[in-house]
Amino acid sequence: MITVNFPDGATRDYSDGTTGTAVVEGISKSLAKKTVAMRVNGELADLSDPLTDGVALEFVLRDDPSALELIRHDAAHVLAEAVQEIWPQTQVTIGPVIENGFYYDFARDEPFSEDDLRQIEKKMTQIIQRGARFTKEIWDRDEAKRVFKAKGEHYKIELIDAIPLDQDLKIYKQGQWFDLCRGPHMRTVRDVGNAFKLTKVAGAYWRGDAKNAVLSRIYGTAFASKAELAAHLHMLAEAEKRDHRKIGRELDLFHFQEEAQGSVFWHPKGFVIYNQIEAYIRRRLNDAGYREVKTPQLLDHKLWQQSGHWEKFRASMFVVPDEVPSTDDDQPVLSGTANLLALKPMNCPAHVQIFKQGIKSYRDLPIRMAEFGCCHRNEAHGALHGLMRVRQMTQDDAHIFCRTDQVTDETKKFCDLLDRVYADFGFSDVSILLATRPELRTGDDETWDLAEKSLEEALRATGRDFAINEGEGAFYGPKLEFNLKDAIGRSWQCGTLQLDFGTPERLDASYIAEDGSRQRPVMLHRAVLGTLERFIGILIENHAGRMPIWLAPVQVVVATIVSEADEAALALVDKLRAAGLRAEPDLRNEKINYKVREHSVQKVPVIAVLGKREAEEGTVSVRRLGAEGSVSVTVDELVKELVGEATPPDLDI
RNA sequence: GCUGCUGUAGCUCAGUGGUAGAGCACUCCCUUGGUAAGGGAGAGGCCGUGAGUUCGAUUCUCCCCAGCAGCACCA
């Protein structure tokens, strides 16, 4: 006899070995029909599992949010079955659920094409309609390896060997087809439903390791209902429309070209945004007690050796020989024997050099040293992506040199600064990850223990929620990653705070403590926006190109209807400019419809229209981006209104 | 860097084994027109680079380069 506890507080007794299926069928037929799985003590489980005494049982209905991962996982199995039914020679590997769907990696000589996806989808639909029941079996390891070997499934054998010996080896069958899987699954493949779609094909490394073979990955997504699938596909389409590379070209903000891959050519309009953001953050940093510096681009490789970058980061550095290139065309340009310099990939070692000038007292700390440092990193070609991933970048970087007892306070202050800045840019949803020691790192484990503990304690002291991001820290210390959620629900890592005991040690930075001893300062590496390039990319996508007026490259266009209004229009532009606004006239020989359309497409926030009537009366007809109608105001009212609106948020009183 | 796909006018894209087309943008002309495209004319391309197959290649094949997607890496 076993006792089962239900969410409503009820308890019921069943005979030993009773399954979830039996329980739900005993409660109600209609509930049983909708139930696809269960939670036993909070853990998702197969409905067909026998229950044990004293468990807390909840049923998972197909349209519960927690059923989504089951739908997707089952869809991945159906995908694998479909592929093997069409191409029996294909080996299956793994097929997990991911944030917005699932994928399955296959080993196959010929990669899949987009056309194959439609064919596979059809086959999946057939399989789902066949409605095979999922059944679970526990297999003996050797037996399992024999079976998979006989099927030519070599990757599965590797997977079996990776499963700890104390764990059962579970096989899930769906009709004739079966797969090694930890489960759980729903009742039948029919529970997958019809709201699924295969979205793309790609190569992916076996076990995510670049040293391994490349597999063919098929991505897909699945939802409980067609409507949710449609909404998701709509979001993807929306993301494509907002692509900052496309908008950057359309709005004439920046461009890239072959000769400078990964580096941005900022056009005048784009650079307005860049400069506005830099000026804004400079004011914010100044208010928060930072002092700005500027350090060299090129530094001797000896310094990078000392800092640890030469050993741990060299593959991402641009190394430059310190010699005069040969001007003889018959000779090699470089001798290959010169001393080596490197373009800085980070500002930290240079900041330590400034710190080390003169003797620092404990009274001087914390020192908050900021730099809009232009850094170069030799990113892999395949990593480059518009403004989001570039080779030349400018961070809103700063290093805080402080005592260990100041770490918590500095962390709090930094978080406060982040909140203000993100709010000013309209981001309200911020999540935090604590990234711990990576495999490739400098410093001993005791130092890492201390660093991770200190950073975590400091973060806890701010009272913020966070999650752990295992193994993703910087090579010199653990870091906090601040992720912003954008207007269409995507998450972007922007801010970072990294705690570093090692660099001051390696570069021999010290201060004189209260007792007269020499002490190492702690270094906090931190950025709020991350890199300006990437942050601007995020802003463009967040706003779909419609920048807030304080950032808009052109804030107002003064467009005329008839040439008799030209003079008044130019006078208005002068007035707006004198008030500090970015205003442009449009006196072209075009109809007002044409002008309005063009400036709307260009996302100009305000169009001030001047016809004969307005020119005579000293008024303007004001049309806002996205609004249908227009409002008539006097010239002075317009100037006053726009000055108020266009003031950067930190200067707004 | 790895796998796959792509590379034709400033942009978005057609197209063909016999050296090319559209729309928008651009220039000029007509039009002075009240809030998302007025009309007409014109100019603009070594069809990514190099090699091969061929009488002939932008088209087929290969190398390289770049871009895109994903992976790996990462701000």
Side-chain angles (χ1 to χ4, degrees), chain A residues 103 105 108 110-114 199-219 240 243 245-246 249-250 252 255-259 261-262 313 315-316 345-346 375 377-391 393-397 435 438 440 472 474 479 481-483 492-496 498 525 527-535 537-538 559-566 587-602 607-614 621-632:
Chain A
Y103 66 80
D105 284 346
R108 189 181 181 228
E110 203 183 324
F112 297 103
S113 71
E114 298 283 336
T199 48
K200 56 195 164 198
V201 293
Y205 300 111
W206 166 236
R207 302 196 145 172
D209 189 330
K211 288 194 276 294
N212 290 341
V214 174
L215 306 170
S216 289
R217 176 171 295 179
I218 295 179
Y219 282 93
E240 203 177 316
D243 189 319
R245 294 166 299 184
K246 181 169 164 275
R249 189 167 48 235
E250 287 167 356
D252 194 19
H255 85 269
F256 292 91
Q257 65 186 52
E258 275 191 38
E259 292 80 357
Q261 37 182 291
F313 207 74
S316 300
M346 300 182 192
C375 293
R377 295 184 192 171
N378 197 348
E379 301 288 351
H381 287 77
L384 301 176
H385 181 89
L387 295 176
M388 301 302 190
R389 198 70 184 276
V390 291
R391 284 182 163 169
M393 72 210 80
T394 304
Q395 293 169 293
D396 62 326
D397 193 22
L440 189 69
E472 297 293 325
K479 66 178 176 186
E481 300 171 346
F482 296 85
N483 295 284
W492 304 95
Q493 194 204 310
C494 292
T496 179
Q498 303 162 7
H525 307 240
V528 180
L529 306 179
T531 72
L532 290 178
E533 289 82 1
R534 183 178 144 86
F535 191 73
I538 294 167
T560 51
I561 295 171
V562 291
S563 49
E564 288 156 285
D566 286 2
L587 313 182
R588 291 174 304 170
N589 175 15
E590 297 291 351
K591 290 200 169 183
I592 193 61
N593 286 331
Y594 184 91
K595 294 184 184 183
V596 165
R597 176 183 152 78
E598 192 169 284
H599 301 304
S600 299
V601 166
Q602 285 292 307
I607 304 173
V609 176
L610 284 171
K612 196 173 171 190
R613 192 168 68 234
E614 287 82 359
S621 169
V622 180
R623 184 189 167 106
R624 302 275 171 163
L625 181 59
E628 298 236 323
S630 56
V631 181
S632 183

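Only this structure's heavy atoms are used, side chains among them; waters, hydrogens and symmetry mates stay out. Note on naming: letters A, B, ... go to the chains in the order of the sequence lines (proteins, then strands), and numbering restarts at 1 for each one. Here the structure is a predicted model, which is why all the values come from computation and not from measurement.
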Could you work out which one of [options] sits closest to the side chain of [X]?
X        : options                : value
A:Ala204 : B:rA75, B:rU35, B:rC71 : B:rC71
A:Ala380 : B:rA37, B:rA72, B:rG67 : B:rA72
A:Glu472 : B:rA37, B:rU35, B:rC74 : B:rC74
A:Met393 : B:rC2, B:rA36, B:rA75  : B:rA75

What nucleic acid atoms does [X] come within less than 4.0 Å of, heavy atoms only: base, sugar-phosphate, or nothing?
X        : value
A:Gln395 : nothing
A:Phe112 : nothing
A:Val214 : sugar-phosphate
A:Glu628 : sugar-phosphate
A:Lys479 : sugar-phosphate
A:Arg217 : sugar-phosphate
A:Glu240 : nothing
A:Arg613 : base

Protein-nucleotide distance (A:Lys200, atom NZ; B:rC68, atom P), rounded to Å: 15 Å
Interatomic distance where NE2 belongs to A:His385 and P belongs to B:rG67 [whole Å]: 12 Å
Dot-bracket summary - RNA chain B, pairs being Watson-Crick or G-U whose distances fall under 3.5 Å, with | when paired to another strand: (((((((..((((....[..)))).(((((.......))))).....(.(((..]....))).))))))))....
Sequence-aligned protein contact record of nucleotides 42-47 of chain B, with B where the base is within under 4.0 Å of a protein heavy atom and S where only the sugar-phosphate is: ------
Side chain to side chain contact (heavy atoms under 4.5 Å, CB included) partner of A:Gln395, chosen from A:Thr496, A:Thr531, A:Leu529, A:Val528: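 Option passing the side chain to side chain contact (heavy atoms under 4.5 Å, CB included) with A:Gln395: A:Thr531.
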Donor-acceptor pair, side chain of A:Arg217 and main chain of A:Ala202, under 3.5 angstrom: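 A pair under 3.5 Å: no.
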Rounded distance in Å between the C1' positions of B:rC13 and B:rC47: 13 Å
